[in-house]
Amino acid sequence: MSIASISVWIPKGGCGKSTVAINLAAAFSKRGATVSLVDLDPQSGSLIFASIAKRLNQALPFTVGRSVAPGANLVIYDHGPMMIEAVPGDIVVMPTLLDAASYSVFVPGTQRVQVWNKPLVAVPNRVNTSRQAHRKVIERFHPNTPFLRDRSIYNEAYARGQSIYDCALSGRKQAIAEMEAVTDRVEATLKTLFLCAAPMRAA
Ligand SMILES: Nc1ncnc2c1ncn2[C@@H]1O[C@H](COP(=O)(O)OP(=O)(O)OP(=O)(O)O)[C@@H](O)[C@H]1O
Ligand SMILES: [Mg+2]
């Protein structure tokens with residue numbers, strides 16, 4: 001059985017790595033994957049989420065730990081906010097906020113991913129299209145880049161130990177639609193990578 005893996009990384013804090021990692025884990029579980037969410041951040045955003053879920057008796061459809069769970073066919077790594085030499089994922093998902101400080105870290109982050117020669121899925125996060133500044137930065141991304149709007153549901157769901165898929169909070173439908181668009185892009189990127197890699201593996 002082949003195991004695909006995703007590193008959710010940007011070398012800046014608070015851009016949504018844990019939020020995206022947790023909700024991608026939920027999205028891919030819904031699509032039939034056996035997901036192991038691996039928390040590589042000493043600040044433990046995903047592990048804290050899992051401990052909240054446990055305390056509140058919320059069953060998660062994926063495992064969360066410090067290492068890959070046996071039997072998983074999809075590993076999602078939730079990274080800390082550091083510039084690093086390498087990431088374990090086959091592809092990198094990079095959430096970024098659109099303020100100048102975040103964007104100026106996002107750009108060298110993407111260059112590092114290029115050096116690694118790994119596919120990148122950029123995810124503009126906490127987007128507010130009523131702000132001209134956000135609209136201007138969004139224009140710098142590839143057209144049709146899926147993005148996540150600024151929505152209170154992410155923090156509220158986290159505090160309940162639930163993904164946006166499993167909660168009953170307002171804004172759920174719209175948030176899921178956005179996360180599904182991100183998940184579609186991530187899935188397509190993984191599929192392209194594994195299709196391209198197949199002949200090399202067979203050789
Ligand atoms: N799309 C969004 N809309 C509103 N709030 C969001 C969104 N994405 C993330 N947040 C909130 O932003 C805060 C930071 O998100 P998160 O913890 O996922 O970032 P992080 O990159 O993992 O941070 P760290 O580098 O500290 O691990 C959290 O309170 C989270 O709920
Ligand atoms: Mg985090």
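Order of listing sets the numbers, starting from 1, for every ligand and every atom in it.
- The cationic group of R140 lies under 6.0 Å from the six-membered ring centre of Y103 and within 45° of the ring axis, placing it in a cation-pi geometry.
- Annotation: Q132, atom CD; neighbour count of heavy atoms from other residues, nucleotides and ligands within 6.0 Å does not exceed 12.
- A salt bridge between E180 and R31 is present, with a side-chain N of the basic residue lying under 4.0 Å from a carboxylate O of the acidic one.
- A tilted orientation is assigned to the rings of F106 and F141, their planes being inclined by 30° to 60°.
- The Mg ion (ligand 2) has no N, O or S atom of S46 under 2.8 Å away, backbone or side chain.
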Could you list each N/O atom of ligand 1 together with any protein N/O atom closer than 3.5 Å, one pair per line with the distance?
from     : atom 1 : to   : atom 2 : distance (Å)
ligand 1 : 1 (N)  : N125 : OD1    : 2.8
ligand 1 : 1 (N)  : R149 : O      : 3.0
ligand 1 : 3 (N)  : D150 : OD1    : 3.3
ligand 1 : 3 (N)  : R151 : N      : 2.9
ligand 1 : 3 (N)  : R151 : O      : 3.3
ligand 1 : 5 (N)  : R126 : NE     : 3.3
ligand 1 : 8 (N)  : N125 : ND2    : 3.0
ligand 1 : 12 (O) : R126 : NH1    : 3.1
ligand 1 : 18 (O) : S18  : N      : 3.4
ligand 1 : 18 (O) : T19  : N      : 2.8
ligand 1 : 18 (O) : T19  : OG1    : 2.5
ligand 1 : 19 (O) : G16  : N      : 3.0
ligand 1 : 21 (O) : G14  : N      : 3.4
ligand 1 : 21 (O) : C15  : N      : 3.1
ligand 1 : 21 (O) : G16  : N      : 3.0
ligand 1 : 21 (O) : K17  : N      : 2.9
ligand 1 : 21 (O) : K17  : NZ     : 2.7
ligand 1 : 22 (O) : K17  : N      : 3.4
ligand 1 : 22 (O) : S18  : N      : 2.8
ligand 1 : 22 (O) : S18  : OG     : 3.0
ligand 1 : 23 (O) : G14  : N      : 3.0
ligand 1 : 25 (O) : G14  : N      : 3.2
ligand 1 : 25 (O) : K17  : NZ     : 2.8
ligand 1 : 27 (O) : D41  : OD2    : 3.2

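- Note on D41 versus R66: no salt bridge recorded, every NZ/NE/NH1/NH2 to OD/OE distance being 4.0 Å or above.
- We find that E187 and K191 are joined by a salt bridge, their nearest charged nitrogen and carboxylate oxygen being less than 4.0 Å apart.
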